[in-house]
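Working notes for the structure below.
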Amino acid sequence: MDTSKSNLFYACEMVLEEEGIYGDVSCDEWAFSLLPLDVDLLSMELPEFFRDYFLEGDQRWINTVAQALHLLSTLYGPFLNCYGIGRCAKMSYDLWRKLEEEEDSETKGRRPEIGHIFLLDRDMDFVTALCSQVVYEGLVDDTFRIKCGSVDFGPEVTSSDKSLKVLLNAEDKVFNEIRNEHFSNVFGFLSQKARNLQAQYDRRRGMDIKQMKNFVSQELKGLKQEHRLLSLHIGACESIMKKKTKQDFQELIKTEHALLEGFNIRESTNYIEEHIDRQVSPIESLRLMCLLSITENGLIPKDYRSLKTQYLQSYGPEHLLTFSNLRRAGLLTEQAPGDTLTAVENKMSKLVTDKAAGKITDAFSSLAKRSNFRAISKKLNLIPRVDGEYDLKVPRDMAYVFSGAYVPLSCRIIEQVLERRSWQGLDEVIRLLNCSEFAFTDMTKEDKASSESLRLILVVFLGGCTFSEISALRFLGRERGYRFIFLTTAITNSARLMEAMSEVKA
Amino acid sequence: MNRTKGDEEEYWNSSKFKAFTFDDEDDELSQLKESKRAVNSLRDFVDDDDDDDLERVSWTGEPVGSISWSIKETAGNSGSTPEGREQLKGRNSFYTQLPKPTSTYSLSSFFKGRTRPGSFQSLSDALSDTPSKSYAPELGRPKGEYRDYSNDWSPSDTVRRLRRGKVCSLERFRSLQDKLQLLEEAVSMHDGNVITAVLIFLKRTLSKEILFRELEVRQVALRHLIHFLKETGDQKLLLDLFRFLDRTEELALTHYREHLNIQDPEKRKEFLKTCIGLPFSAEDSAHIQDHYTLLERQIIIEANDRHLESAGQTEIFRKHPRKASILNMPLVTTLFYACFYHYTESEGTFSSPINLKKTFKIPDKQYVLTALAARAKLRAWNDVDALFTTKNWLGYTKKRAPIGFHRVVEILHKNSAPVQILQDYVNLVEDVDTKLNLATKLKCHDVVIDTCRDLKDRQQLLAYRSKVDKGSVEEEKIDAILNSSQIRWKN
């Protein structure tokens with residue numbers, strides 16, 4: 001039995017002791033570390049991870065992550081190649097290695113089944129997490145909020161007066177086919193399926209008794225099941241369409257793309273201002289401001305002041321606290337005077353190469369969290385150049401998850417590092433990202449590894465990952481012959497991120 | 001106890017042990033030595049894991065290691081007797097218990113005639129020989145992983161134990177240096193839970209000045225302390241800490257945050273007043289001032305309107321009863337409310353929209369947008385008109401809008417404005433494409449027709465013809481235009 005009580009925080013025990021009930025209660029730890037949400041998705045169900053670490057700097061969950069890695073390496077053998085980017089990734093990795101040493105791991109002698117493991121901090125790519133999602137699963141999450149792999153579909157979706165809780169994973173055959181698709185394909189796909197289904201049903205017209213009996217016993221159940229799922233997803237699509245039209249989704253996406261690509265910034269800022277003035281949604285307004293801030297390396301002071309004032313006027317003065325949180329986390333910042341891109345970059349390079357000092361103090365680290373999104377975007381070709389229409393039906397790169405406008409940064413980094421099997425050639429990018437990176441290859445196990453295991457990659461998102469990223473990497477896997485397994489501290493999206501930072505419960 | 005008396009006799013008289021009887025006249029010292037030997041060997045026996053026969057039972061009869069036993073153990077007062085304190089000097093443990101001399105395992109049976117626990121004091125020499133081991137079998141000691149406790153854990157060992165959730169007393173880290181070393185170890189391990197555990201200990205055993213001083217240069221530990229204080233609601237210490245660190249803005253924000261816990265509007269208002277002088281940045285100070293002023297106004301308006309509503313004399317309140325209180329609503333919502341219920345009031349009243357606009361310096365754009373939404377909801381089209389009508393220097397009226405007429409049309413449409421009104425405003429939309437789109441969407445036929453004509457776009461006009469009703473006025477109009485020879489069509 002695992003004797004680790006790591007999740008029973010000492011702070012909790014202290015409170016029990018102070019209140020004089022320490023001995024009267026028996027404390028146990030429910031050692032629940034990993035929840036399999038799907039065949040390739042493991043979640044630690046720790047949504048609080050994001051705020052605790054990225055806002056408060058509390059490292060309380062790092063041990064939990066290390067334990068999860070330990071569990072996986074115990075089950076699947078040692079990982080051959082370990083890559084990571086970000087402070088939290090580094091700390092989790094270090095702690096995990098200490099754990100392995102201490103426990104004198106039972107992994108020795110085991111064949112490695114997982115060839116690569118990649119650890120990422122959420123804050124090395126906020127942009128992706130803040131974008132509106134347009135792949136089906138992401139859209140369902142944005143619209144209905146998927147919890148622990150299941151979703152509550154209300155009456156408007158189920159076409160009855162009841163709500164239904166539906167499990168969304170690979171078991172749902174219909175869902176599995178559409179989950180990674182761009183939304184524009186989904187309706188067409190579902191209609192086709194509906195027609196096929198109807199044709200199947202119609203077959204029974206020409207049947208004799210024997211055939212009918214066969215049909216009823218073998219096929220009818222499956223068809224009924226498919227019919228049920230189909231109508232649910234069609235209902236969901238309709239509901240999504242309705243909501244998005246009402247929200248003027250088209251305009252919203254246009255603004256997001258402009259921000260990602262870096263043109264029409266003034267227009268986008270005006271759009272955001274109007275969004276706030278109209279009191280459309282506190283979370284959405286915040287999200288857009290953060291997207292503007294990160295892509296532009298902070299808002300210009302005039303805009304920061306004016307948008308902040310208008311936000312407080314539209315959504316409540318207590319959000320002063322929310323703005324303070326966002327600033328601390330690096331999500332919504334103000335450009336310091338004289339903060340041209342080159343000036344910032346010079347400061348950065350001095351700090352990052354100053355590793356001899358070993359410590360980057362907090363004052364600097366908040367500075368260090370400045371994003372250099374435009375430069376990174378150019379270096380990594382995150383904005384695809386398209387001649388003509390971008391074909392969403394047969395996507396040619398990961399940008400399809402954002403309608404061809406943008407390749408998720410996190411996914412691109414993973415792609416590049418896997419290609420090179422190291423961080424070689426990515427120095428400039430790392431410098432711009434302002435994170436520490438690491439790579440470690442266990443040479444001793446190299447020969448034991450099968451080619452099968454070398455294609456299996458475990459990606460660990462510290463702070464949450466979105467369905468869009470999962471879809472993009474699944475696509476990459478199909479293209480390059482990899483198989484990705486995802487481990488995340490929690491599933492996230494832009495709304496959850498903003499809610500975590502909001503001091504005031506909406 | 002599951003042994004019979006006979007067994008016990010055998011046990012004590014077995015060859016493993018030197019026989020002790022109470023009748024021996026031996027020299028005290030040699031007896032002590034014998035005791036020491038016996039106890040040592042007994043200890044091995046007792047320590048032996050594999051021996052399942054030996055069931056360890058505590059003084060109260062509970063098997064050692066059971067829940068009820070551990071409750072009693074931890075509830076007990078270790079160190080309350082002088083002898084207990086002596087023992088504790090050499091040991092660190094939450095679980096130290098002075099064995100009471102009432103069981104058959106009584107140690108006094110090893111010493112001739114010595115039944116008093118005072119015999120332990122004479123063992124102090126023996127104790128000092130091997131400081132980490134006790135000579136008395138520690139029967140109160142828990143089984144399992146805790147058996148291996150000693151008081152000699154180094155800081156890195158301690159931290160490692162803490163990470164695994166093992167029992168670990170930090171009491172022995174008494175010197176500041178030891179404490180800081182422990183903290184350093186915890187920080188280098190990266191586990192936030194351990195860092196917090198150490199900080200809890202430091203907070204308890206260090207004066208706050210020293211604690212603050214040391215943490216000032218240790219950023220990681222400092223962050224954990226701040227978070228810990230926030231979570232446990234130790235507002236006072238948190239404020240002291242920020243004051244010490246001269247983090248004035250965080251000091252102000254932490255103080256301000258408290259207002260969320262105050263429900264009563266009057267009390268909250270009073271509290272906000274105390275926030276005004278705090279060391280916020282210049283902009284934030286203005287926001288705090290506005291917050292206070294806003295709540296102050298809302299309290300007045302709320303009281304007044306509640307009175308009006310219950311009196312039942314005011315038409316607007318009768319027709320549109322209030323759905324919620326205006327307290328703690330954002331400014332824009334308050335403005336909407338004022339435009340809805342108090343539109344005609346002069347600048348002098350607290351509830352007049354103009355007053356709100358002036359007091360809070362609400363920009364024109366925002367004001368017009370909000371007023372429009374309110375008046376449109378009430379279907380007060382004249383008021384809507386008045387919002388956009390200005391007289392230019394020649395005395396002609398002209399319609400202007402700081403928000404773009406397409407927005408105006410949208411809001412009017414949302415509130416089901418009659419087509420005539422919509423049409424007028426669609427006509428005012430500046431951008432031609434937007435105008436056409438809107439007009440088409442909203443079926444403002446005249447506008448579409450006129451715009452197509454102005455654009456000289458025959459194709460579009462033809463296409464639109466099929467959309468209008470057969471034999472309608474619009475169709476006739478289209479036909480007239482199409483047949484007109486004066487227009488140079490583009491297509």
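Labels below follow one simple rule: chain letters A, B, ... track the order of the sequence lines, proteins then strands, and each chain is numbered from 1. Just so we're clear, the structure is a prediction, and the values are computed from it rather than from any experiment.
- Side-chain contact check for B:Thr196 versus A:Arg60: every heavy-atom pair is 4.5 Å or farther apart.
- B:His224 contributes atom NE2, which lies 4.0 Å from atom CG of A:Asp58 (distance to the nearest 0.5 angstrom).
- A 4.5 Å side-chain heavy-atom check between B:His291 and A:Leu312 finds every atom pair outside the cut-off.
- Salt bridge annotation for B:Arg223-A:Glu56: absent, with no cationic side-chain nitrogen under 4.0 angstrom from a carboxylate oxygen.
- Side chain of A:Gln59 to backbone of B:His190: a donor-acceptor contact under 3.5 angstrom is found.
- Taken to the nearest 0.5 Å, the OG atom of B:Ser188 stands 10.0 Å off from the CG atom of A:Asp94.
- In this structure, B:Leu369 and A:Arg278 approach most closely via the heavy-atom pair CD2-CG, 3.8 Å.
- Between B:Arg268 and A:Glu318 there is no salt bridge, since no side-chain nitrogen of the basic residue lies less than 4.0 Å from a carboxylate oxygen of the acidic one.
- Looking only at side-chain heavy atoms (C-beta outward), A:Thr309 and B:Asp290 stay at 4.5 Å or farther from each other.
- Using a 4.5 Å cut-off between heavy atoms, B:Ile200 touches chain A through its side chain atoms alone.
- Proximity to chain B involves both the backbone and the side chain of A:Met91, based on heavy atoms less than 4.5 angstrom apart.
- Residue B:Arg204: no heavy atom, backbone or side chain, is found under 4.5 Å from chain A.
- For B:Asp191 and A:Lys98, the salt-bridge test fails: no basic side-chain N is under 4.0 Å from an acidic carboxylate O.
- Not a single ring pair (Phe, Tyr, Trp, His ring centres under 6.0 Å) links B:Phe228 to another residue, sequence neighbours left out.
- Considering only heavy atoms from C-beta on, B:Asn193 stays 4.5 Å or farther from A:Trp61 through its side chain.
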Checklist entry - Run the salt bridge (charged side-chain N to carboxylate O under 4.0 Å, His left out) check on A:Lys308 and B:Asp284 step by step: do they pass? => result CA-CA 10 Å; A:Lys308 179 171 169 180; B:Asp284 284 350; 2.8 Å; yes
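- Contact check for A:Ser314 versus B:Gln366: side-chain heavy atoms found under the 4.5 Å cut-off.
- Of all heavy-atom pairs spanning B:Pro330 and A:Tyr315, the tightest one is CG-C, 3.5 Å.
- The nearest pair of heavy atoms linking A:Arg87 to B:Val220 is NH2-CG2, 4.5 Å.
- Heavy atoms of B:Leu335 lying under 4.5 Å from chain A are absent altogether.
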Item to check | Derivation of the salt bridge (charged side-chain N to carboxylate O under 4.0 Å, His left out) call for A:Glu274 and B:Lys365 | outcome: CA-CA 9 Å; A:Glu274 226 181 87; B:Lys365 227 175 171 182; 5.6 Å; no
